[in-house]
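First the structure, in the form of C-alpha cells, and then the observations on it.
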Amino acid sequence: MKILAIETSCDDTCIAIINIKESKEKSIFSILANIVKTQTIHNAYGGVFPMMAKREHIKNIKPAYEQAMKKAKNSKIDAIAVTVGPGLEPALWVGITFAEELSKKLTVPIISVNHMKGHILSVLVNKNKIFTYDNKTLQFPILSLLVSGGHTELVISNNLNKYKIIGQTRDDAVGEAFDKVARMLELPYPGGPAISKLAEKERKNITSRSIKKNNGASKEIFSQKNIHTEKSNIPSEPKFPRPMIYSKDYDFSFSGLKTAVLYYIRDLTAQAGNGPLTEDIKSKIACEFEDACIEVLVSKTLRAIEQYKAKTLIVGGGVSANTYLQKILKARVKKVDSKIKVYFPVKGLSTDNALMIAIAGYFQYKNKKFHKKQKKIKAIGNLSL
C-alpha cells in the first residue's frame with residue numbers, strides 16, 4: 001500500500017509518500033518522496049508567527065504535493081495521513097483542509113496523526129530509502145524523550161499505538177529555552193544550533209588550557225570601550241541552576257533557567273557599562289546553559305529507564321539533533337545497562353517532516369484507526385499523546 005502524508009504543524013510544509021510491502025514476518029518501507037519546504041521568513045523575527053506560517057503553507061502545499069507526486073511517479077495513493085496536532089492551529093488547518101480535498105478527489109481514507117507520535121517513530125528510518133520493521137526491531141517497554149521547541153516529554157509505551165506521558169514541562173519547552181537564550185545572546189534563529197556551536201567552542205577551550213573557575217585573574221569579556229570587568233562582583237564563569245533535577249517526578253521546568261541567564265547577562269552588562277558581550281563570554285554562557293539543560297534531561301531520563309525497566313530509549317524532536325545530548329545520553333545509558341538500545345533520528349529527520357507522519361499513519365491504518373467519514377477532522381493545538 002502507498003500512504004501520502006501531510007505535515008504543517010509549524011513552519012515546515014511537508015509532503016511524503018511511502019510504499020509498504022507486508023509479509024507475516026515484517027513490513028518493508030520504501031521512501032518514494034520526502035519534500036520539506038522550510039519557511040525562512042520567520043528567521044528575522046526570532047520566532048514563528050502563526051498567521052504568517054498559515055499564509056506560507058497555503059502558498060507551498062500544492063507545489064510540494066506536485067513535487068512529491070512527480071518523484072513518486074504519480075503512484076496510486078491508498079490512504080492520506082495528516083497531522084492534526086499538536087501545533088499551531090492556523091497552520092494545522094491548512095494541512096487538514098488539503099487532506100480533505102485530496103481525500104475526496106482520490107476517494108481514499110484519511111488517517112489523523114499525532115505529531116509527537118511521528119517524532120517517536122521517526123527513528124525507524126535509516127540512511128537508506130528502504131527500511132524494515134518486525135517484532136524484533138524495537139524492544140518494549142520503550143521510553144521516549146521528546147524534546148523540541150514546543151514540547152519536553154517523557155513517554156512510556158508497550159506497543160506502537162498506545163503511549164503514556166509520565167513527565168512533561170510545566171512551562172517552557174527545552175527548545176523554546178534554547179531559542180530565547182540565543183536571542184539574549186544576539187544569536188540567529190533557530191537558537192539551538194547557534195548555542196551548541198558556541199558551547200562546543202568553549203569545551204574545546206577548556207580542554208586546551210587550565211581554567212580556575214571563579215578564581216584568579218579574570219579575562220576581559222567586553223570590548224575595550226567598556227569599563228574594566230575585574231572590578232565587577234559578577235563572576236566571569238557563569239553557573240546556572242538545574243531546575244527540578246532532584247524532584248521525585250519526571251516533570252521539567254526551563255523558565256527559571258532562562259530567567260537566570262537573563263539576570264546574569266543583565267547584571268554583568270550593567271556593571272561593565274552596558275557594552276556588548278564578547279564572543280568569549282557568550283561561549284561561556286552558551287556552554288553552561290547547554291550543560292544545565294542536558295544534565296536535567298539526562299538525569300530524569302536515566303531514572304525513568306530504571307523505574308520502568310525500559311529496554312529501548314528513543315529521543316525525538318528538534319533538540320534530539322544536539323550532538324552533546326547524543327554523546328552524554330548514549331554514554332550514561334551504556335553505564336546503566338549496555339543492552340538498552342538508544343535511538344536518535346537520522347540527520348534531517350529530527351525536525352518536522354511528513355515521512356514520520358506517514359510511518360505513524362501506517363501503524364494506525366494497520367489497527368483500523370482511520371478517520372470516519374461522517375466526523376469532521378479538527379486541528380487541536382494542544383493535542384496530547
Side-chain angles (χ1 to χ4, degrees), residues 18 20-31 113-148 151-168 249-250 294 297-317 319-323 325-350 353 355-369 384-385:
I18 61 170
I20 309 102
K21 291 181 180 178
E22 294 179 322
S23 68
K24 287 184 179 179
E25 294 80 25
K26 60 187 176 181
S27 301
I28 303 172
F29 296 79
S30 300
I31 303 171
V113 176
N114 186 303
H115 179 79
M116 304 312 293
K117 189 184 291 186
H119 276 306
I120 293 172
L121 295 174
S122 67
V123 300
L124 294 181
V125 185
N126 55 33
K127 293 180 180 179
N128 304 314
K129 287 190 175 182
I130 298 175
F131 55 98
T132 61
Y133 178 83
D134 59 32
N135 292 333
K136 296 178 182 178
T137 303
L138 299 173
Q139 298 297 306
F140 296 94
I142 295 173
L143 178 71
S144 298
L145 172 65
L146 302 178
V147 279
S148 67
H151 295 82
T152 305
E153 299 175 349
L154 278 168
V155 179
I156 198 76
S157 57
N158 286 300
N159 65 69
L160 292 184
N161 283 295
K162 193 171 182 180
Y163 303 87
K164 180 184 177 183
I165 297 174
I166 60 171
Q168 58 190 328
D249 55 35
Y250 295 109
I294 288 174
L297 293 173
V298 171
S299 176
K300 296 259 183 177
T301 301
L302 292 175
R303 283 202 295 111
I305 285 173
E306 294 190 74
Q307 180 176 338
Y308 289 91
K309 297 178 171 53
K311 294 182 179 179
T312 301
L313 172 64
I314 289 174
V315 187
V319 182
S320 70
N322 184 295
T323 54
L325 173 63
Q326 293 181 13
K327 176 183 175 182
I328 298 299
L329 201 46
K330 285 177 182 177
R332 294 288 299 278
V333 171
K334 189 176 181 180
K335 283 186 177 181
V336 172
D337 187 346
S338 60
K339 293 180 181 178
I340 296 172
K341 299 291 185 182
V342 182
Y343 293 93
F344 288 84
V346 296
K347 188 176 181 180
L349 290 186
S350 58
N353 62 89
L355 185 55
M356 67 184 191
I357 303 304
I359 298 167
Y362 164 71
F363 286 106
Q364 288 182 210
Y365 190 86
K366 273 192 76 173
N367 284 273
K368 304 189 186 310
K369 291 186 176 181
S384 182
L385 277 169

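None of V333, I142, V336 except one satisfies the side chain to side chain contact (heavy atoms under 4.5 Å, CB included) rule with L313; the exception is V333.
At least one side-chain heavy atom of L325 sits less than 4.5 Å from a side-chain heavy atom of V298. Between M356 and H115, some side-chain heavy-atom pair lies under the 4.5 Å cut-off. Y133 is not listed as a side-chain neighbour of I359, based on a closest heavy-atom distance of 4.5 Å or more.
Of all non-hydrogen atoms in V113 and A360, the two that sit nearest each other are CG1-CB, 3.7 Å. Looking at every heavy atom in both residues, T301 comes nearest to L143 through O-CD2, 3.7 Å. For the pair A321 and S350, the tightest heavy-atom approach, listed with the atom from each and the gap, is CB-OG, 3.4 Å. When every heavy atom of S320 is checked against every heavy atom of G317, the shortest pair comes out as OG-O, 2.5 Å. Of all heavy-atom pairs between Y343 and T137, the closest is OH-O, 3.3 Å. Closest of all the heavy-atom pairs between N114 and S384 is ND2-O, 3.1 Å.
The NE2 atom of H151 sits 7.5 Å away from the CD1 atom of I165 when rounded to the nearest 0.5 Å. Note: I314 CD1 to L124 CG = 7.0 Å, rounded to the nearest 0.5 Å. Taking OH from Y308 and CG from N158, the interatomic distance works out to 11.0 Å, rounded to the nearest 0.5 Å. Taken from CG in N367 to CG in N159, the straight-line distance is 7.5 Å, to the nearest 0.5 Å. Separating the CD1 atom in I340 from the CD1 atom in I305 is a distance of 5.0 Å, to the nearest 0.5 Å. Here the CD1-CG distance, from I166 to L154, works out to 5.0 Å after rounding to the nearest 0.5 Å.
Environment of CZ in R332: sparse, with no more than 12 heavy atoms of neighbouring residues, nucleotides or ligands closer than 6.0 Å.
Ring pair F29/F131 is parallel by interplanar angle, where below 30° counts as parallel and above 60° as perpendicular.
A side-chain donor-acceptor contact under 3.5 Å links T312 to the backbone of Q139. Side chain of K21 to backbone of K26: no donor-acceptor contact under 3.5 angstrom is found. Between the side chain of S157 and the backbone N or O of L160 there is no donor-acceptor pair closer than 3.5 Å. A donor-acceptor contact shorter than 3.5 Å is absent between the side chain of N128 and the backbone of I130. Remark: side-chain polar atoms of Q364 are not paired, donor with acceptor, to backbone N or O of N161 under 3.5 angstrom.
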What do the steps show when you test Y250 against Q307 for side chain to side chain contact (heavy atoms under 4.5 Å, CB included), and what is the final call? CA-CA 11 Å; Y250 295 109; Q307 180 176 338; 2.5 Å; yes

Please evaluate residues E25 and D134 with respect to the criterion side chain to side chain contact (heavy atoms under 4.5 Å, CB included), reporting the C-alpha separation (whole Å), side-chain torsions for both, the decisive distance (0.1 Å), and the verdict. CA-CA 6 Å; E25 294 80 25; D134 59 32; 5.7 Å; no

Pair K300-D249, side chain to side chain contact (heavy atoms under 4.5 Å, CB included): steps then yes or no: CA-CA 8 Å; K300 296 259 183 177; D249 55 35; 3.4 Å; yes

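Residues S27 and Y362 have side chains that bring a donor and an acceptor to within less than 3.5 angstrom of each other.
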